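Since the structure is predicted, the reported quantities are computational estimates derived from the model, not experimental observations.
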Amino acid sequence: MKTGADPNPGVALVNKLDAFRHFAEFRGATQSQLHIRPLHEYVTSRLVLEGGFRPSELSPRPPLRTEEAGNLRRVAYAPQERTQTEATILGGLKTKKVDIVVSKDGIGPVLAISCKGMTGAVRNLTNRLEETIGECTNIHLSYPTLVFGYLFLMRANREGENAALADAAFDSQGRPLESIVRFHQALSGMTGRLNPRNDSGRYEAIAMALVEVSPPHAGAINADYPPRDSAIHFDQFFKTIYRRYDERYVVSAPRLVRRTRRLEWSCDSPALDAETLQRLDYRPRVAG
């Protein structure tokens with residue numbers, strides 16, 4: 001079981017199973033953010049390798065660096081470059097620390113992802129909704145074109161199996177409890193923001209994942225809920241984030257393309273060796 005130790009592995013890139021298993025098994029105080037920190041590193045590393053953003057554009061910074069020679073851009077593993085510092089954004093109502101932010105020189109914040117994880121007390125879901133709406137509105141008031149994503153993890157506890165009744169997400173038959181269904185419906189109505197001129201209280205993308213806690217499946221996403229066709233299914237999250245970013249900062253702003261176009265990495269990048277590619281659960285953005 002995980003406790004309050006620093007979860008950063010220091011020897012390899014964090015993949016989805018690493019991050020989600022740590023969240024499922026963590027037993028320390030959640031105020032420390034250690035239960036969710038591996039998820040931050042997974043997301044930032046994925047935004048670089050799959051998304052084509054420079055490591056230096058991200059806060060916190062993943063353990064990666066770019067190496068450029070002519071038109072070739074390589075990405076290398078660099079654990080000494082890792083940081084855990086969150087960016088502070090000047091919102092329309094107040095300044096706010098946001099878990100993950102991509103900033104472009106001369107433009108400012110262009111993409112942000114809020115990562116939240118609930119390890120228990122399902123009764124607090126209503127409070128989560130209020131915080132979620134407020135955070136989104138606050139950021140979009142100052143940066144209406146910013147692409148904002150919300151990634152929410154819960155433990156897939158079952159009644160009478162993994163936790164007290166107050167912490168359960170499923171009944172003993174594996175069916176989602178009514179409170180979970182209502183929360184899913186509420187989040188589904190808060191996603192899909194297309195027009196940067198309105199809907200400041202909606203996110204461009206939301207993902208809700210219920211993470212299994214029991215061995216041997218600890219860290220796996222529950223396959224039954226949310227359903228595959230859900231608007232907030234995890235599999236759609238990053239695709240939507242990249243699509244909205246390209247629409248606003250590349251297609252709609254051709255004069256900024258040299259700064260905003262997402263990079264493609266050379267196939268001989270040191271960080272894309274065979275062992276790393278086998279561990280990754282997504283396809284890196286490779287040139288050619």
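If you look at F148 and Y143, their ring centroids are not closer than 6.0 Å. Between H184 and Y225, the ring centre distance stays below 6.0 Å.
The residues K96 and E86 are annotated as not salt-bridged, no charged nitrogen and carboxylate oxygen being separated by less than 4.0 angstrom. By the 4.0 Å N-to-carboxylate-O rule, R37 lies too far from E41 to be salt-bridged with it. At a threshold of 4.0 Å, the pair E130-R128 does not count as salt-bridged, since none of the basic side-chain nitrogens sits closer than that to a carboxylate oxygen.
A donor-acceptor pair is defined here as one N or O able to donate and one able to accept, closer than 3.5 Å; such a pair exists between the side chain of D18 and the backbone of N15. Between the side chain of S142 and the backbone N or O of L90, at least one donor-acceptor pair lies under 3.5 Å. Side-chain atoms of N222 never come within 3.5 Å of backbone atoms of V211 as a donor-acceptor pair (strictly under, hydrogens ignored). Proximity of a side-chain donor or acceptor of R65 to a complementary backbone N or O of P79 within less than 3.5 Å is not detected. Checked by atom type and distance alone, the side chain of S269 never pairs as donor or acceptor with a backbone atom of W265 at under 3.5 Å. Between the D199 side chain and the R202 main chain, no donor and acceptor come within less than 3.5 Å of each other. Looking only at distances, no side-chain donor or acceptor of S230 sits under 3.5 Å from a matching main-chain atom of P226. No side-chain donor-acceptor contact under 3.5 Å links R158 to the backbone of A169.
Enclosure of atom CZ in R279 by more than 12 non-hydrogen atoms of other residues, nucleotides or ligands within 6.0 angstrom is indicated. Within 6.0 Å of CG in N71 there are 12 or fewer heavy atoms belonging to other residues, nucleotides or ligands. Taking a 6.0 Å sphere around CD of Q80, one finds it holds more than 12 heavy atoms contributed by other residues, nucleotides or ligands. Annotation: N195, atom CG; neighbour count of heavy atoms from other residues, nucleotides and ligands within 6.0 Å is above 12.
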> Run the salt bridge (Lys or Arg N to Asp or Glu O under 4.0 Å) check on D224 and R175 step by step: do they pass?
Replying inline: CA-CA 9 Å; D224 298 322; R175 295 169 299 200; over 6 Å; no
> What's the verdict on ring pair (Phe, Tyr, Trp, His ring centres under 6.0 Å) for F152 and F237, showing C-alpha distance, side-chain angles and the deciding distance?
Replying inline: CA-CA 11 Å; F152 187 80; F237 183 76; over 10 Å; no
> Step by step, would you call D246 with R262 a side chain to side chain contact (heavy atoms under 4.5 Å, CB included)?
Replying inline: CA-CA 8 Å; D246 287 343; R262 295 187 290 126; 2.8 Å; yes
>> If you apply the rule side chain to side chain contact (heavy atoms under 4.5 Å, CB included), what do you find for N138 with I89, and how did you get there?
In response: CA-CA 10 Å; N138 180 43; I89 294 182; over 6 Å; no
> Taking it one step at a time, do T276 and L13 satisfy side chain to side chain contact (heavy atoms under 4.5 Å, CB included)?
Replying inline: CA-CA 7 Å; T276 299; L13 291 175; 3.9 Å; yes
> Can you check salt bridge (Lys or Arg N to Asp or Glu O under 4.0 Å) on E57 and K104, steps first, answer last?
Replying inline: CA-CA 6 Å; E57 296 172 336; K104 293 283 186 180; 3.0 Å; yes
>> If you apply the rule salt bridge (Lys or Arg N to Asp or Glu O under 4.0 Å), what do you find for D235 with R228, and how did you get there?
In response: CA-CA 8 Å; D235 287 351; R228 178 67 61 176; 2.2 Å; yes
>> Checking T260 against V110 for the side chain to side chain contact (heavy atoms under 4.5 Å, CB included) test, could you report, in this order, the C-alpha distance in whole Å, the side-chain angles of both residues, the deciding distance, and whether it holds?
In response: CA-CA 9 Å; T260 59; V110 294; over 6 Å; no
> Going through the checks in order, is the salt bridge (Lys or Arg N to Asp or Glu O under 4.0 Å) test met by D268 and R74?
Replying inline: CA-CA 7 Å; D268 64 349; R74 297 183 177 90; 3.0 Å; yes
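When side chains are defined from C-beta on, M190 does not count as touching C136, because their heavy atoms never get closer than 4.5 Å. Under the 4.5 Å side-chain criterion, counting only non-hydrogen atoms from C-beta, I36 is not in contact with H22. Residues I100 and C115 are in side-chain contact: their nearest non-hydrogen atoms beyond the backbone lie under 4.5 Å apart. Counting only heavy atoms from C-beta outward, the side chains of Y77 and P63 approach each other to under 4.5 Å.
Expressed to the nearest 0.5 Å, how far CZ of R285 lies from CZ of R73 amounts to 11.0 Å. Taking CD1 of I206 as the reference point, atom CD1 of I232 lies at 6.5 Å (rounded to 0.5 Å). Note: T44 OG1 to L39 CG = 9.5 Å, rounded to the nearest 0.5 Å. A distance of 11.5 Å separates CD of E159 from CZ of F170, quoted to the nearest 0.5 Å. Note: D281 CG to R46 CZ = 6.0 Å, rounded to the nearest 0.5 Å. Put simply, CZ on R54 and CG on L263 are 5.0 Å apart, with the number rounded to the nearest 0.5 Å.
For the residue pair S114 / E135, a side-chain donor-acceptor distance below 3.5 Å is found, with atom types taken as modelled. A donor-acceptor contact closer than 3.5 angstrom is absent between the side chains of E25 and H35. Counting only N and O atoms by type, the side chains of Y242 and E50 include a donor and acceptor under 3.5 Å apart.
A continuous path of ILVMFWY side-chain contacts below 4.5 Å connects L151 to Y282, so both sit in one hydrophobic cluster. Under the 4.5 Å side-chain heavy-atom criterion for Ile, Leu, Val, Met, Phe, Trp and Tyr, F20 and L280 are members of the same hydrophobic cluster. A single hydrophobic cluster is not seen to contain both L93 and L129; linkage of ILVMFWY side chains at heavy-atom distances under 4.5 Å, directly or through other members, places them apart. M208 is connected to V181 through a chain of hydrophobic side-chain contacts under 4.5 Å among Ile, Leu, Val, Met, Phe, Trp and Tyr, so both are in one cluster. A continuous path of ILVMFWY side-chain contacts below 4.5 Å connects F234 to V147, so both sit in one hydrophobic cluster.
Residues L111 and I241 come closest through the heavy atom pair CD1-CG2, 3.3 Å. In this structure, E212 and A156 approach most closely via the heavy-atom pair OE1-CB, 3.9 Å. Minimum interatomic distance between L272 and L277 (heavy atoms only, all atoms of both residues): O-CD1, 3.4 Å. In terms of heavy atoms, D99 sits closest to I113 at CB-O, 3.6 Å. The two residues P109 and S103 have their closest heavy-atom pair at CA-OG, 3.8 Å. Considering all non-hydrogen atoms of both residues, S266 and V286 come closest at C-CG1, 4.4 Å.
Figure legend: cation-pi geometry between R193 and Y203 absent, as NZ or CZ is not positioned both under 6.0 Å from the six-membered ring centre and within 45° of its axis.
When the options L146, T145, L194 are evaluated for a side chain to side chain contact (heavy atoms under 4.5 Å, CB included) with R244, the one that passes is L194.
Using bins of under 30°, 30° to 60° and over 60° for the plane-to-plane angle, the ring pair Y245/F53 lands in the perpendicular bin. Taking the six-membered ring for Trp and thresholds of 30 and 60 degrees, Y42 and F238 have ring planes more than 60 degrees apart, a perpendicular arrangement.
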